[in-house]
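Count residues from 1 along the sequence.
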Amino acid sequence: MKARVTVTLKNGVLDPQGKAIEHALSGLGFDGIGQVRQGKVFDIELTGTDKAKAEADLKAMCDKLLANTVIENYAVEIA
């Protein structure tokens, strides 16, 4: 079973890396760029077939390691 976890900064949290990317894109001549926010993507391969258990395990992984839940949100997708 394959899963994808996407971690992004919560609204209102400053994103200096996103701001740097925004300025770099503008400097490269890309017009029409609004706000850029950066995040992280984790592709995880799981053994087992129980989708509910996999989702619970993935959420526990995010809460304990993959995301700083004080400043980040996460989304879990199971394929």
Side-chain angles (χ1 to χ4, degrees):
M1 188 177 329
K2 293 186 179 185
R4 174 165 283 177
V5 175
T6 305
V7 179
T8 56
L9 289 169
K10 291 182 177 181
N11 289 334
V13 175
L14 293 177
D15 185 358
Q17 187 173 1
K19 189 58 93 174
I21 294 167
E22 181 182 324
H23 287 292
L25 290 171
S26 178
L28 291 170
F30 293 100
D31 296 328
I33 301 295
Q35 183 180 23
V36 175
R37 309 266 303 163
Q38 64 86 34
K40 303 177 274 191
V41 174
F42 300 94
D43 289 326
I44 301 172
E45 193 167 323
L46 304 164
T47 58
T49 57
D50 185 346
K51 193 171 180 177
K53 181 182 179 339
E55 186 170 351
D57 286 348
L58 288 162
K59 287 181 179 181
M61 291 176 203
C62 290
D63 289 333
K64 292 179 181 180
L65 177 66
L66 301 179
N68 177 349
T69 57
V70 174
I71 61 169
E72 294 175 318
N73 292 319
Y74 62 85
V76 173
E77 299 173 52
I78 299 175

Quick one: name the residues clustered hydrophobically with V41, using the 4.5 Å side-chain heavy-atom rule over I, L, V, M, F, W, Y, and just say none if it's on its own. none

Just to verify, what does E77 make a salt bridge (Lys or Arg N to Asp or Glu O under 4.0 Å) with, not counting sequence neighbours? none

Does I71 share a hydrophobic cluster with L66, counting links as ILVMFWY side-chain heavy atoms below 4.5 Å and allowing steps through other members? no

CG of N11: more than 12 outside heavy atoms within 6.0 angstrom? no

Rounded to the nearest 0.5 Å, the CG atom of D63 sits from the OH atom of Y74 at a distance of 3.5 Å

Which atom names give the shortest non-hydrogen contact between M61 and I44, and what distance separates them? SD-CD1, 4.4 Å

What's the spacing between F42 CZ and T6 OG1 if we round to 0.5 Å? 9.5 Å

If two hydrophobic side chains count as joined below 4.5 Å and joins carry through other members, does V7 share a cluster with L46? yes

Look up atom CD1 in I78 and atom CZ in R4, then write down how far apart they are to the nearest 0.5 Å. 13.5 Å

Taking only distance into account, with no hydrogens and no angle test, what donor-acceptor pairs under 3.5 Å do side-chain atoms of residues 50-57 form with protein atoms, sequence neighbours excluded?
from : atom 1 : to  : atom 2 : distance (Å)
D50  : OD1    : A52 : N      : 3.1
D50  : OD1    : K53 : N      : 3.2
K53  : NZ     : D57 : OD2    : 2.7
E55  : OE2    : K59 : NZ     : 3.4

Enumerate, atom names and distances included, each donor-acceptor pair closer than 3.5 Å involving a side-chain atom of residues 28-38, sequence neighbours excluded.
from : atom 1 : to  : atom 2 : distance (Å)
R37  : NH1    : V13 : O      : 2.9
R37  : NH2    : K10 : O      : 2.9
R37  : NH2    : V13 : O      : 3.1

Just how far is it from atom CD of Q17 to atom CG of L9, taken to the nearest 0.5 Å? 9.0 Å

Pairs involving residues 14-24, ordered by first then second residue, that meet salt bridge (charged side-chain N to carboxylate O under 4.0 Å, His left out) (sequence neighbours left out): K19-E22

